[in-house]
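Because the structure is predicted, anything quoted here is derived from the model rather than measured. Values below: every heavy atom of this structure, side chains too, minus hydrogens, waters and symmetry copies. Convention: sequence-line order gives letters A, B, ...; per-chain numbering from 1.
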Amino acid sequence: MRASRYHLFTLKENPVDAEIISHQLMLRSGMIRRHAAGIYSWLPLGLRVLRKVEQIIREEMDRAGALELLMPSFQPAELWQESGRWDQFGPELLRLTDRHNRDACIGPTHEEIVTDIFRREVNSYRQLPLNFYQIQTKFRDEIRPRFGVMRSREFIMKDAYSFDIDKDGMQHSYDVMDQAYIAIFDRFGLEYRAVNADSGAIGGSTSQEFHVLADSGEDAIAFSSEGQFAANIETVEALPPTGERAAPGATMQSVDTPGMHSIEALASGLKVAPQKCLKTLIVDADDDGLIALILRGDHELNTLKAERLDGVASPLRMAQRDKIKQVLGNDIGSIGPVGLTIKRYVDHSAAAMSDFVCGANQDDKHLQNVNWGRDCDEAVSVDLRNIIDGDPSPDGKGQLRILRGIEVGHIFQLGQKYSESMQSSVLDMQGKTVAPFMGCYGIGVTRIVAAAIEQNHDDRGIIWPAALAPFMLAICPINYHKSAAVKEAADDLYQRCRAQGVNVLLDDRALRPGVMFSDMDLIGVPHRIVLSDRGLGAQQFEYKGRSDQDAQDMPFDNLTSLIDKLVCDPCDTVS
RNA sequence: CGGGGUGUAGCGCAGCCUGGUAGCGCAACUGCUUUGGGAGCAGUGGGUCGGGAGUUCGAAUCUCUCCACCCCGACCA
């Protein structure tokens, strides 16, 4: 591709509403443009990357035996009513009516459609196992779209659906997809992790998420330092502390703590560690009452765990401030277990504390040297908190380490949920009617692009892994429009690369070198060759890898071996 | 949906308080000079100041209203 004939429209300044790096760089490099909240066009440069992601997915899905098809994004309400999801889904499901006033929706996912296809097409176990997949545009009317294509309303997803005659078959199909996902993510050249996504309570490894690692990731994932354990942090059990609780020391006493309403304020005000403080959160109960959740000061409440507790409202709601005052008689910021009248749950770690600081249930007062059993009722403890770095791993092997990730893939077993509700069945070997066991496997295609940038960039711009780069090589001739020698050498090299199948961008624009370099760095081309009169005279060219610190001069003889290394798919067929 | 904020040229902003008919930087276009890390000079084009209504001789500016977008909280690829 010649840059003069390509739509390279880069921006120097960051659009003000782009918050995260990937969104900024995608806008600045001219990959995407926004039309409305969460709605984007993919410009030619961005589309090149998107197509690479799709192609890798397609090849590995095909290799794994899945069959590609394409389902509609406009879906009739009847199917969703059959599965029951027409009523279950909230406003995230974009509903509309056509000219005949028939209800429909724009598909956020395709279990209903694929099950409908299956029940029409398949009627014998002999046709199984079967795995249909598609790469298609989805729509989810997100409450708050943000971060560019990371969380957009319209997005492209690869979704696959497996069908098997029994549970073992489903497990096998799932395992095949697990392997296919590993192959896919390996090929992207991104750092990623597969983690358990199910709650330990349900058991089994029936659900896994694939995360691209990035400091800016929205999810926290935990790993065992020595074992294989890896899971989304929200699902990880926090083990109770081992060993005996320390014996009570000094007697309980009240202290004035005006204005200290947070653990940080309390800890610094009283000069004690947050670990010695107790945090008491008040949430709504499912019967209109209030429930206290008690944690160690430095710990965070885990919403999922709290919602599972008997009596706690689900979804979890923090109680209204006025209601707390009305029931407890004091404001938040000074609540504690001593004399607390409402139902309470205490986290294991909080229950293991002694001589701690907690709210006195009186405004602007706290209690010191409080002890369970002695000063208030002995706590029955439960698991309430998020694990933190250094906690013991639930598999008993080492400690937990925490990394941040971006969820880009999810595989799980659906069982017979849709086949039963939608009365899809096949005949088994005995001629009996059986609802097939399904699995469901998603990859956020558009999100992968953003995640790749989030993980690989510097202050100059994007640093694409080779597998995703829109161009593999940039040729930057200096004085292309002035020096006949440079022009000839650049054109020669360009033609040679194209003949060899190198995905090459020749910057033949009449620009100053600095501008060319900045553009190529910004759009993240992995390799760069500079040709100039100076180098030509010495039979040399200059080479620099995108993440190399410095460029190096090389003799022309090295060109052939360099080009050989850059050969990839011949997708650049337009001059 | 609740709370906070912003809408002025493609992008980033000033002007608004104190009404007098719109400006700066970048980008774009033309010419000359320049050519190894976002050049210099000269010139050009582009805005119903988010929409509507009102107050006024006169509204980007004051009032009302609608809309859009962004940020902080509950979903998910």
Side-chain angles (χ1 to χ4, degrees), chain A residues 9-20 23-24 27-28 30 33-39 53 57 88-93 108-110 135-160 181 197 208-212 218-219 232 234 303-304 307 313-318 320 405-412 440-451 459-461 476-483 486 509-522 528 530-535 542 544 550-551 553:
Chain A
F9 198 88
T10 55
L11 303 173
K12 242 189 266 189
E13 287 175 287
N14 268 327
V16 72
D17 51 353
E19 280 188 286
I20 59 168
H23 189 195
Q24 292 171 356
L27 288 169
R28 283 188 52 204
R33 291 290 184 251
R34 195 184 70 94
H35 300 285
I39 304 292
V53 173
I57 292 174
Q88 283 166 18
F89 248 87
E92 194 179 70
L93 181 65
T109 176
H110 282 70
I135 294 175
Q136 195 241 20
T137 298
K138 308 270 189 247
F139 193 95
R140 292 183 193 172
D141 204 353
E142 292 279 347
I143 299 164
R144 191 148 85 83
R146 60 189 139 169
F147 304 147
V149 299
M150 190 75 85
R151 167 156 307 162
S152 50
R153 291 194 293 170
E154 188 175 287
F155 61 99
I156 297 172
M157 180 164 140
K158 186 285 300 177
D159 48 330
Y181 270 46
Q208 276 200 304
E209 291 171 352
F210 288 76
H211 288 258
V212 168
E218 284 194 280
D219 288 301
N232 195 312
E234 59 186 18
T303 310
L304 292 180
E307 285 171 351
S314 178
L316 189 76
R317 284 190 311 270
M318 298 307 288
Q320 296 290 314
I406 300 165
E407 188 191 348
V408 289
H410 198 168
I411 59 177
F412 53 100
C440 162
Y441 319 92
I443 294 181
V445 177
T446 38
R447 182 180 277 187
I448 293 267
V449 178
D459 53 1
R460 294 183 185 282
C476 297
I478 302 208
N479 276 330
Y480 183 86
H481 293 267
K482 287 270 176 68
S483 162
V486 167
R509 299 173 296 175
L511 293 174
R512 301 168 65 81
V515 182
M516 284 194 282
F517 298 160
S518 299
D519 270 355
M520 295 306 123
D521 285 346
L522 176 59
R528 185 184 82 192
V530 176
L531 296 171
S532 66
D533 279 318
R534 199 175 70 195
E542 177 193 294
K544 182 176 174 301
D550 297 299
D553 291 324

S.K.: Go through B:U34, B:C69, B:G38 for me and flag the one nearest to the A:K482 side chain.
M.R.: B:U34
S.K.: Do A:T109 and A:R140 make a side-chain contact, defined as non-hydrogen atoms from C-beta onward lying under 4.5 Å apart?
M.R.: yes
S.K.: Just how far, in rounded Å, is C1' of B:A28 from CZ of A:R509?
M.R.: 14 Å
S.K.: Take the protein atom NE2 of A:H110 and the nucleotide atom P of B:C76, then report the distance between them rounded to whole Å.
M.R.: 18 Å
S.K.: Could you check which of B:G25, B:G38, B:C71 has an atom nearest any side-chain atom of A:E19?
M.R.: B:C71
S.K.: Look at all strands and tell whether A:S483 reaches a base, only sugar-phosphate, or nothing, counting heavy atoms closer than 4.0 Å.
M.R.: nothing
S.K.: Please say which of A:I411, A:I448, A:I406 ends up in a side-chain contact (heavy atoms from CB on, under 4.5 Å) with A:F210.
M.R.: A:I411
S.K.: Considering only B:C69, B:C75, B:G25, which nucleotide approaches the side chain of A:E13 most closely?
M.R.: B:G25
S.K.: By nearest nucleotide on RNA chain B, pick out whichever of A:T303 and A:M150 is the more 5' one.
M.R.: A:T303
S.K.: Does a side-chain heavy-atom distance below 4.5 Å link A:H481 with A:R509?
M.R.: no
S.K.: Can you find a donor-acceptor N/O pair under 3.5 angstrom joining the side chain of A:R528 to the base of B:G37?
M.R.: yes
S.K.: Verify the contact: side-chain N or O of A:K138 to OP1 or OP2 of B:A77, cut-off strictly under 4.0 Å; return yes or no.
M.R.: no
S.K.: Examine the base of B:G37 for any acceptor or donor lying under 3.5 Å from a partner atom in the side chain of A:D521, and report the outcome as yes or no.
M.R.: yes
S.K.: In whole angstrom, give the distance that lies between atom CZ of A:R28 and atom P of B:G12.
M.R.: 13 Å
S.K.: Under 4.0 Å, heavy atoms only, any strand: does A:G409 hit a base, just the sugar-phosphate, or nothing?
M.R.: sugar-phosphate
S.K.: Mind checking A:R144 for me? I need base, sugar-phosphate or nothing, with any heavy atom below 4.0 Å counting as a touch.
M.R.: base
S.K.: Over all strands shown, is A:V16 touching base, sugar-phosphate only, or nothing at heavy-atom distances under 4.0 angstrom?
M.R.: sugar-phosphate
S.K.: Do A:N14 and A:R28 pass the side chain to side chain contact (heavy atoms under 4.5 Å, CB included) test, and can you show the C-alpha distance, the side-chain angles, and the key distance before you say yes or no?
M.R.: CA-CA 7 Å; A:N14 268 327; A:R28 283 188 52 204; 2.9 Å; yes
S.K.: How is A:V445 classified with respect to the nucleic acid when contacts are heavy atoms under 4.0 Å: base, sugar-phosphate, or nothing?
M.R.: nothing
S.K.: OP1, OP2 of B:A39 versus side-chain N and O of A:R512: anything below 4.0 Å?
M.R.: yes
S.K.: Rounded to whole Å, please give me the gap between NZ in A:K12 and P in B:C13.
M.R.: 17 Å
S.K.: Are A:E92 and A:P108 packed together at the side-chain level, in the sense that at least one heavy-atom pair is separated by less than 4.5 angstrom?
M.R.: no
S.K.: What do you reckon, do A:F155 and the base of B:A77 stack, with centroid distance below 5.5 Å and planes below 30°?
M.R.: yes
S.K.: Of the candidate nucleotides B:U35, B:C72, B:G38, which contains the atom at the shortest distance from the side chain of A:N479?
M.R.: B:U35
S.K.: Do any side-chain nitrogens or oxygens of A:R151 fall under 4.0 Å of OP1 or OP2 in B:A77?
M.R.: no
